[in-house]
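Note: hydrogens, waters and symmetry copies are ignored here, and every other heavy atom, side chains too, is used. Residue numbers begin at 1 in each chain, while the letters A, B, ... track the order of the sequences.
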Amino acid sequence: MTDQIRISFPDGSSREFPRGITVAEVAAAIGPRLAKAAVAATVGEGRVDLGYRIEADAPVSMITLDSPEGVEIYRHSISHVMAQAVKRLFPEVKFAIGPAIENGFYYDFDLPVPLAPGDLPRIEAEMARIVKEALPFKRLEMKKEEALKFFREAGQKYKVELIEALPGEKVSLYQQGDFIDLCLGPHLPSTDRIKAFKLQSIAGAYWRGDSQREMLQRIYGVAFPTQAELDNYLHMLEEAAKRDHRKLGKELDLFSLMDEGPGFPFFHPKGMILRNTLEDFWREEHRKRGYQEVKTPIILNEKLWRQSGHWDHYKENMYFTRIDDEDYAVKPMNCPGGMLLYKREIHSYRDLPLRVAELGLVHRHELSGALHGLMRVRCFTQDDAHIFMLPSQIRSEIEGVIDLADHIYRVFGFEYHVELSTKPENAMGSDEIWEKATASLQEALEGKKMDYRVNEGDGAFYGPKIDFHLRDCLGRTWQCGTIQLDFLMPERFDLTYVGEDGEKHRPVMLHRTIFGSMERFIGILIEHYAGAFPTWLSPVQVKVISVGEAHLPYAREVQKLLDDHRVRVERDERNEKLGYKIREAQMARIPYMLVIGDKEVETASVAVRSRDRGDLGTMPAVDFLNKVTGEIAGKK
RNA sequence: GCCCUCGUAGCUCAAUUGGUGGAGCAGGCGAUUUGUAAUCGCCAGGUUACCCGUUCAAAUCGGGUCGGGGGCUCCA
């Protein structure tokens with residue numbers, strides 16, 4: 001045993017150091033810049049603090065604030081500082097957990113008094129004090145019994161519960177100043193490395209996410225390595241709030257939610273144009289791909305829902321009613337109705353695949369606290385389809401849906417990612433069937449060379465699924481499209497087709513959506529475009545604005561020309577100044593304004609103002625017509 | 001559903017310590033006849049979400065109901 005150890009670095013180099021050297025000293029030996037930027041390191045397999053002593057040969061890579069890992073450690077350390085501040089202000093606090101999250105951190109507290117927003121500045125001020133005190137984070141290791149004793153005596157029941165669930169003999173604790181918390185680490189070397197954070201909100205959160213357990217108080221904070229990054233993020237949030245679909249929906253007169261129908265949106269005339277335009281597009285794309293369209297009833301006999309399995313697996317989310325002394329349910333999904341339609345006639349293998357689409361209005365009882373504008377509602381229209389197919393057609397049908405989804409999302413310029421969800425706890429059917437179905441979905445994804453994440457246990461109760469998650473302006477992702485492979489419903493409903501051999505066989509089915517729900521998709525579009533829809537989607541595409549009374553007849557002619565060619569055009573001939581009418585049209589996010597005055601009347605032209613690019617100059621009315629109809633046809 | 005928070009005119013917001021609810025925009029009427037983001041004047045508009053209480057007196061304080069917002073849980 002020598003006193004030297006050999007440390008290797010990510011660039012392939014290696015150097016000898018004295019045994020027991022700290023990570024910080026290694027960083028310093030490499031260079032002062034690294035020493036300053038490092039917050040922790042990976043030694044061998046594990047992440048350790050800068051104060052960690054390296055006792056044996058190992059690969060070492062420094063973790064700096066430039067990396068996601070470094071920022072995570074930074075944010076996590078701030079959550080400890082927040083906990084310490086809360087402890088100073090509320091000595092009776094009990095601590096739950098406090099992880100780093102995207103853009104920041106949170107910590108869950110059990111407090112005898114409710115926190116108010118006014119407490120946040122006080123906690124922030126206390127945190128600033130702790131940062132200034134430059135308290136080192138010290139790692140302590142304890143035997144589990146010892147740690148349990150420590151936290152029991154401190155009355156920290158949540159920590160006791162956490163430790164009891166931890167594997168191994170020892171646990172690690174971190175101390176800064178007089179504050180000690182159970183934590184795996186690593187942490188910043190000292191609180192004065194913290195530069196920019198802001199406490200954001202207080203929220204309720206269940207202990208361990210279990211609605212049967214204690215309701216804790218969670219404080220969310222945002223944090224970045226520099227003040228500039230924090231300011232930038234806060235500014236982004238402000239910009240995002242400006243395009244909130246609830247606000248724009250009201251301003252642009254698209255939809256509303258009334259006290260009389262929480263979660264049941266009303267669509268206004270302009271919202272309906274948007275919606276119908278999307279439906280027209282959707283129908284056309286489906287028609288091209290060999291889909292038929294059906295409509296099934298909203299209320300169906302309860303027996304059907306028992307047969308489908310919804311009664312056992314989905315009752316909590318359903319609405320029920322009674323008709324002529326019989327029990328009925330309002331449909332939460334379209335599939336059982338689709339099953340009945342399949343069964344209305346005998347099918348040959350030659351008919352398959354059968355692609356049956358339905359814009360189906362479904363109702364689901366969502367918890368009142370979960371409702372959110374158009375994004376989370378209690379009734380919505382799914383752009384559903386059920387594909388009945390031979391087992392040999394599974395893969396090509398799935399691929400067809402993936403292509404269709406990609407085609408449709410592309411038109412809107414959406415980025416998306418894909419998730420594969422597997423068998424949930426309350427599932428119907430055997431493991432074998434689930435494995436087979438999941439493997440089929442996987443094969444299709446791999447065949448398409450798509451990256452995907454696996455979401456264990458998140459499938460529908462009747463089958464695994466592929467979900468498409470679109471990314472919105474807040475960086476939130478929304479589940480829109482879904483492809484669910486189902487071997488069970490055909491079984492439950494005894495669906496058959498006659499095979500080549502003249503015998504009855506069981507078809508396989510696919511449930512799928514692209515938009516997901518029309519309502520949610522419209523909400524996402526509003527935020528995505530900040531209300532400034534591309535011309536083809538705009539409820540009003542062109543506003544004809546006449547300067548004076550003398551220009552009215554020609555203005556009407558221009559309007560008629562556009563209207564005859566199916567351009568959605570309105571005319572503003574009010575006795576107002578031009579600037580006033582322009583301003584109003586601009587605020588309504590109308591893509592084009594046509595100013596009609598003396599010059600235009602004389603030359604049969606229009607002065608075109610673009611919502612996005614301002615004054616485009618004068619052009620013959622017919623040229624503008626061609627321009628705008630071209631945009632509409634090209635879905636621009 | 002649970003925790004916190006909020007609810008004033010169609011919309012966005014005011015209203016000292018509890019002391020007779022105001023403004024801008026939108027709307028109606030009138031004047032103005034207008035060239036690229038707001039012309040002027042007048043008028044009308046509210047059982048302060050709803051119910052119960054405390055008080056001489058409640059938009060304001062307390063309790064409840066309904067609804068909104070931020071989360072948790074759940075999900076298209």
Side-chain angles (χ1 to χ4, degrees), chain A residues 106 108 111 114-119 200-220 244 246-247 250-251 253 256-263 314 316-317 332-333 360 362 364-384 421 458 460 465 467-470 478-482 484 511 513-521 523-524 545-552 573-588 593-600 607-611 614-618:
Chain A
Y106 69 77
D108 287 344
L111 282 165
L115 289 169
D119 293 323
Q200 259 198 321
S201 58
I202 301 160
Y206 298 112
W207 169 233
R208 305 211 135 174
D210 183 344
S211 60
Q212 302 305 310
R213 304 208 54 182
E214 294 90 332
M215 175 60 73
L216 307 170
Q217 301 192 68
R218 175 173 297 178
I219 300 179
Y220 280 97
D244 187 308
R246 293 165 298 185
K247 178 170 143 31
K250 197 182 275 184
E251 283 173 16
D253 197 20
S256 52
L257 285 151
M258 316 245 186
D259 289 356
E260 289 81 356
Y314 212 71
E316 302 309 307
N317 286 294
M333 296 188 195
V362 297
R364 298 183 183 175
H365 179 76
E366 299 292 344
L367 296 179
S368 58
L371 302 177
H372 180 91
L374 290 181
M375 302 298 198
R376 192 72 185 276
V377 291
R378 283 178 172 160
C379 78
F380 56 99
T381 302
Q382 289 183 307
D383 65 316
D384 214 342
S421 296
D458 219 29
K465 58 180 185 168
D467 292 321
F468 293 82
H469 295 252
L470 305 192
W478 292 97
Q479 186 180 323
C480 290
T482 181
Q484 305 172 351
H511 310 242
T513 64
I514 309 289
F515 292 145
S517 105
M518 299 308 295
E519 289 75 5
R520 174 177 291 181
F521 198 77
I524 294 167
I545 300 174
S546 47
V547 176
E549 226 168 290
H551 317 118
L552 280 183
E573 57 182 41
R574 287 174 306 171
N575 180 13
E576 293 289 350
K577 288 171 85 168
L578 183 59
Y580 179 87
K581 296 197 255 193
I582 297 253
R583 176 183 155 82
E584 208 160 272
Q586 192 72 38
M587 290 200 309
M593 288 148 263
L594 301 184
V595 176
I596 309 287
D598 289 338
K599 278 179 288 181
E600 290 72 27
V608 183
R609 181 190 163 95
S610 150
R611 169 188 68 195
D615 195 345
L616 298 186
T618 301

- Message: Using a 6.0 Å cut-off, check whether atom CD of A:Glu549 has over 12 heavy atoms from anything other than its own residue.
- Response: no

In whole angstroms, the gap separating P of B:rU36 from CG of A:Asp598 amounts to 14 Å

Using a 4.0 Å heavy-atom cut-off, does A:Arg218 contact any base of the nucleic acid, only the sugar-phosphate backbone, or nothing at all? sugar-phosphate

Rounded to whole Å, CD of A:Glu576 lies from P of B:rU36 at a distance of 16 Å

Closest of B:rC75, B:rG67, B:rU36 to the A:Asp259 side chain is B:rG67

To the nearest angstrom, the CG-P distance between A:Leu594 and B:rG35 comes to 18 Å

Taking B:rU73, B:rC75, B:rA37 as options, the one with an atom nearest any side-chain atom of A:Met587 is B:rA37

- Query: What does A:Gly204 touch in the nucleic acid at a heavy-atom separation under 4.0 angstrom: a base, only the sugar-phosphate, or nothing?
  - Reply: base

Practice item. Quick one: do A:Val547 and A:Ile596 satisfy side-chain contact (heavy atoms from CB on, under 4.5 Å)? Show the steps, please. Key: CA-CA 6 Å; A:Val547 176; A:Ile596 309 287; 5.9 Å; no

Mate of B:rG1 across any strand shown (Watson-Crick or G-U wobble, both atom pairs under 3.5 Å) is B:rC72

From CE of A:Met593 across to P of B:rG35 the rounded distance in Å is 17 Å

May I ask you to verify whether the side chain of A:Glu366 and the base of B:rG1 hold a donor-acceptor pair under 3.5 Å?
no

Does A:Glu600 reach a base, just sugar-phosphate, or nothing at all? Heavy atoms under 4.0 Å. base

Paired to B:rA57 by Watson-Crick or G-U wobble criteria (both distances under 3.5 Å) is none

If we take the P atom in both B:rG70 and B:rG10, what is their distance in whole Å? 24 Å

Are the side chains of A:Gln382 and A:His511 in contact, using a 4.5 Å heavy-atom criterion?
no

Of the candidates B:rG35, B:rC2, B:rC4, the side chain of A:Val547 sits closest to B:rG35

Just checking A:Val362: base, sugar-phosphate only, or nothing, at a heavy-atom cut-off of under 4.0 Å?
nothing

Would you measure the distance from the C1' atom in B:rU5 across to the matching atom in B:rA23 and give it in whole Å? 27 Å

pair_partner(B:rU16), Watson-Crick or wobble, both distances < 3.5 Å, evaluates to none

Margin query: Counting only side-chain nitrogens and oxygens, does A:His372 get under 4.0 Å of the OP1 or OP2 atom of B:rG71?
Written below: no

(message) Just to be sure I understand the rule, does A:Ala550 reach a base, reach only the sugar-phosphate, or reach nothing, if contact means heavy atoms closer than 4.0 Å?
(response) nothing

Under a 4.0 Å N-O cut-off, is there an ion pair linking A:Asp210 with A:Arg208? no

- Task: Please state the P separation for the pair B:rG18 and B:rC51 - nearest whole angstrom.
- Result: 24 Å

Side-chain contact check for A:Pro262: nearest option of B:rG70, B:rA37, B:rG68 is B:rG68

5'-most contact on RNA chain B (nearest-nucleotide basis), A:Asp210 vs A:Arg378, goes to A:Arg378

The residue, A:Leu578 or A:Gln217, whose nearest nucleotide of RNA chain B is more 5′ is A:Gln217

- Task: Would you indicate what A:Gly209 reaches in the nucleic acid, counting non-hydrogen atoms under 4.0 angstrom: base, sugar-phosphate, or nothing?
- Result: sugar-phosphate

Whether A:Lys465 contacts B:rA76 is assessed here as follows: a side-chain N or O lying under 4.0 Å from the phosphate OP1 or OP2. Is that the case? yes

Answer yes if the side chains of A:Gln586 and A:Arg609 hold a donor-acceptor pair under 3.5 Å, and no otherwise.
yes

Q) What does A:Lys247 touch in the nucleic acid at a heavy-atom separation under 4.0 angstrom: a base, only the sugar-phosphate, or nothing? A) nothing

- Query: Any side-chain heavy atom of A:Phe521 sitting closer than 4.5 Å to one from A:Leu470?
  - Reply: yes

Looking only at B:rC4, B:rC2, B:rA38, the nucleotide nearest the A:Arg583 side chain is B:rA38

- Is A:Ser368 touching bases, backbone alone, or none of the nucleic acid, heavy atoms closer than 4.0 Å? base

**Message:** Would you measure the distance from the P atom in B:rU55 across to the matching atom in B:rG68 and give it in whole Å?
**Reply:** 35 Å

Out of B:rG1, B:rU33, B:rG70, minimum distance to the side chain of A:Leu367 belongs to B:rG1

Please check if the side chain of A:Glu584 supplies one atom and the backbone of A:Lys581 the other of a donor-acceptor pair under 3.5 Å.
-> no

* To do: For B:rG67 and B:rG27, measure between their P atoms and round to the nearest Å.
  => 32 Å

Answer with yes or no whether A:Tyr106 presents, from its side chain, a donor or acceptor under 3.5 Å of a partner atom in the base of B:rG71.
no

Closest to the side chain of A:Met215, out of B:rG71, B:rA76, B:rA37, is B:rG71

Per atom distances to the A:Phe380 side chain, the nearest of B:rU39, B:rC75, B:rA76 is B:rA76

In Watson-Crick or G-U wobble terms, with both distances under 3.5 Å, the base opposite B:rG41 is B:rC29

Worksheet item: Do any N or O atoms from the side chain of A:His365 and from the backbone of A:Glu316 form a donor-acceptor pair under 3.5 angstrom?
Response: no

query: How far, in whole Å, is B:rC61 from B:rC42 if one measures between their C1' atoms?
result: 41 Å

Atom CD of A:Gln484 and atom C1' of B:rA76 are separated, to the nearest Å, by 10 Å

Here the distance between atom C1' of B:rC3 and atom CG of A:Asp108, to the nearest Å, is 11 Å

Between B:rA59 and B:rG22, how many Å separate the two P atoms, rounded to a whole number?
13 Å

task = State whether the side chain of A:Asp383 and the backbone N or O of A:Phe515 hold a donor-acceptor pair below 3.5 Å, judged by distance alone.
result = yes

- Task: Scan A:Arg246 against the nucleic acid and name what it touches under 4.0 Å (heavy atoms): base, sugar-phosphate only, or nothing.
- Result: sugar-phosphate

Minimal heavy-atom distance between A:Ser421 and A:Asp467, with the atoms involved, is OG-OD2, 3.7 Å

Inset, instruction - Using a heavy-atom cut-off of under 4.0 Å over every strand shown, decide if A:Gly579 touches base, sugar-phosphate, or nothing. - result: sugar-phosphate

For the residue pair A:Glu519 and A:Thr381, establish whether any side-chain heavy-atom pair is separated by less than 4.5 Å. yes

Discussion item. Tell me whether the ring of A:Tyr580 lies stacked over the B:rA37 base, given a 5.5 Å limit on centroids and a 30° limit on the plane angle.
Written reply: no

A:Met333 CE to B:rC75 P, in whole Å, measures 10 Å

Inset, instruction - Taking the side chain as every heavy atom from C-beta outward, state whether A:Arg364 and A:Phe380 have any pair of such atoms under 4.5 Å apart. - result: yes

Could you pull out the protein-nucleic contacts involving nucleotides 11-13 of chain B (nitrogen or oxygen on both sides, under 3.5 Å)?
unit_1 : atom_1 : unit_2   : atom_2 : d
B:rU12 : OP1    : A:Lys250 : NZ     : 3.3

Using the P atom in both, what is the distance from B:rA31 to B:rA49, to the nearest Å? 40 Å

note: A:Leu216, atom CG; B:rG71, atom C1'; distance rounded to Å ~ 12 Å

Scanning all shown strands, the Watson-Crick or wobble mate of B:rG24 with both distances under 3.5 Å is B:rC11

- Name the nucleic acid region contacted by A:Tyr220, choosing base, sugar-phosphate or nothing; use a 4.0 angstrom heavy-atom cut-off, strictly under. sugar-phosphate

